[in-house]
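Structure first, commentary second.
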Amino acid sequence: MRGLEEPGRRPTATPCGCVKPALETGNLLTEPIGYLESCFSAKNGTPRQPSICSYSRACLRIRKSIFNNPEHSLMGLEQFSHVWILFVFHKNGHLSCKAKVQPPRLNGAKTGVFSTRSPHRPNAIGLTLAKLEKVEGGAIYLSGIDMIHGTPVLDIKPYIAEYDSPQNVMEPLADFNLQNNQHTPNTASQSDSKTDSCDQRQLSVCDEPQPHRSTKEKPKCPEDRTSEENYLTHSDTARIQQAFPMHREIAVDFGLESRRDQSSSMSEEQIGPYGPEKSFSEKGTDKKLERVEGAAALQGSRAETQPMAPHLPAGRADGAPCSVVPAWVTEAPVATLEVRFTPHAEMDLGQLSSQGESDVGQASFKYFQSAEEAKRAIEAVLSADPRSVYRRKLCQDRLFYFTIDIAHVTCWFGDGFAEVLRIKPASEPVYMMDPVGSLVSLGS
Ligand SMILES: C[S@@+](CC[C@H](N)C(=O)[O-])C[C@H]1O[C@@H](n2cnc3c(N)ncnc32)[C@H](O)[C@@H]1O
């Protein structure tokens, strides 16, 4: 921002020599308002976005150390159907990130971290739009979440479509140049053909991101980028999607000009959902993905996102779009998987749900209301293919495990399907503890 000094990470002195308070420099010392009790105990199997599994449930109790009467802080919230949850990606493993990441949907292609929902960002803050099931005393109950158990929550804000959804905003679109019936979106930045060695990584471990360059370090490599404009005409409009809370999308083909010359295929690669790793281009092109146009171009040994045909949501009365996302956001890199349960797994699930009724001391589901709901949740998680791209490509035959509620699920993946083999009680139910001295320091 022009005119504003980059505060860096040091306290800033005013002309009179006083040190500015941390708040003014943006070096906020946060204190979680609570720790999420979630049906997902670990990152593995946790949906990548809240829309994937509407049965994913969680509870958040406001800590008494924040408000003596936590219920006072939630007064009125029950009148909202959805809430924004701001939280810390506390299980990132490290406090560092890279300028470019490889989101799963880009199949190994890189894009700027700020154009993604990657957990690995300069301030490890997540933002989830969740359904507010109920408010009870000093606690809220949520569904459709993508956070793991124990996630420190920083804030809750009501979702207000009138403010939060561009379809309700009456101002002219700032992100588009509407000239001669052409939209010029702010396209993803495109690196030139030089290789940014900062971003070259070795593909060496399964599911774990490699150590990243600390954000405290100055970038060692110049970020040489040229931006390229991408034009869509109204008449060429390709897809309409309407953005509602919880991602109800309506996609309508409107046949737009795609830049086939630049972006005929997508690649897929990752370690962990966002681990920037060896690009898929190094391993050849996945035919299945070629249908996804305009999302990522593969250049030599690396893949970068290219300017692409954005998806236009249903427009306003004047025909202008309300919001735009690049095609890679809405085009799934792999088809939705069919989910099967072996008879053994079905039996396991039945036993698990009835355990609470018969066995003293054994808990039945904590977040699901029935075995049927648990089954639907497992189906939702698996049909979205929760594996990292690394696993998808290089560990195809390995069993995949995840824990949801009290169920420890073992499955395997075949061509176009996932099959649940076993469902056992999770060995360690996770109990919540309210850690003492749980200040999370941001930006310092
Ligand atoms: C891609 S992020 C998106 C989160 C949020 N909807 C957003 O856009 O900021 C969701 C993934 O983050 C990971 N995750 C969830 N809670 C986490 C936590 N507390 N610490 C680290 N990673 C977490 C899980 O692997 C999950 O699939």
Distance (rounded to the nearest 0.5 Å) between [X] [atom1] and [Y] [atom2]:
| X | Y | atom1 | atom2 | result |
| --- | --- | --- | --- | --- |
| Ser38 | Ile404 | OG | CD1 | 8.5 Å |
| Arg61 | Glu71 | CZ | CD | 13.0 Å |
| Ile140 | Leu77 | CD1 | CG | 6.0 Å |
| Ser143 | Lys131 | OG | NZ | 5.0 Å |
| Tyr141 | Leu132 | OH | CG | 11.5 Å |
| Ile145 | Leu36 | CD1 | CG | 5.5 Å |

Are any of the side-chain nitrogens in [X] or [Y] under 4.0 Å away from the carboxylate oxygens of its partner?
| X | Y | answer |
| --- | --- | --- |
| Arg63 | Glu31 | yes |
| Glu373 | Arg57 | yes |
| Asp348 | Lys424 | yes |

Between [X] and [Y], is any pair of side-chain heavy atoms under 4.5 Å apart?
| X | Y | result |
| --- | --- | --- |
| Ile378 | Phe341 | yes |
| Thr403 | Val409 | no |
| Cys39 | Lys366 | no |
| Tyr159 | Val83 | no |
| Thr342 | Val420 | no |
| Val381 | Phe40 | yes |

Among side-chain atoms of [X] and [Y], is any donor-acceptor pair under 3.5 angstrom?
| X | Y | answer |
| --- | --- | --- |
| His149 | Ser41 | no |
| Asp164 | Trp84 | yes |
| His94 | Ser96 | yes |

**Asked** So, Arg340 side chain and Leu421 main chain: donor-acceptor pair closer than 3.5 Å or not?
**Response**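 A pair under 3.5 Å: no.
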
Indicate, with yes or no, if the rings of [X] and [Y] have centres closer together than 6.0 Å.
| X | Y | result |
| --- | --- | --- |
| Phe89 | Phe87 | yes |
| Phe413 | Phe400 | yes |
| Trp412 | Phe417 | yes |

**Prompt:** After noting the C-alpha distance and the side-chain angles of His408 and Tyr401, does the key distance pass the ring-ring contact (aromatic ring centres under 6.0 Å, His included) rule?
**Reply:** CA-CA 7 Å; His408 183 68; Tyr401 309 92; 5.8 Å; yes

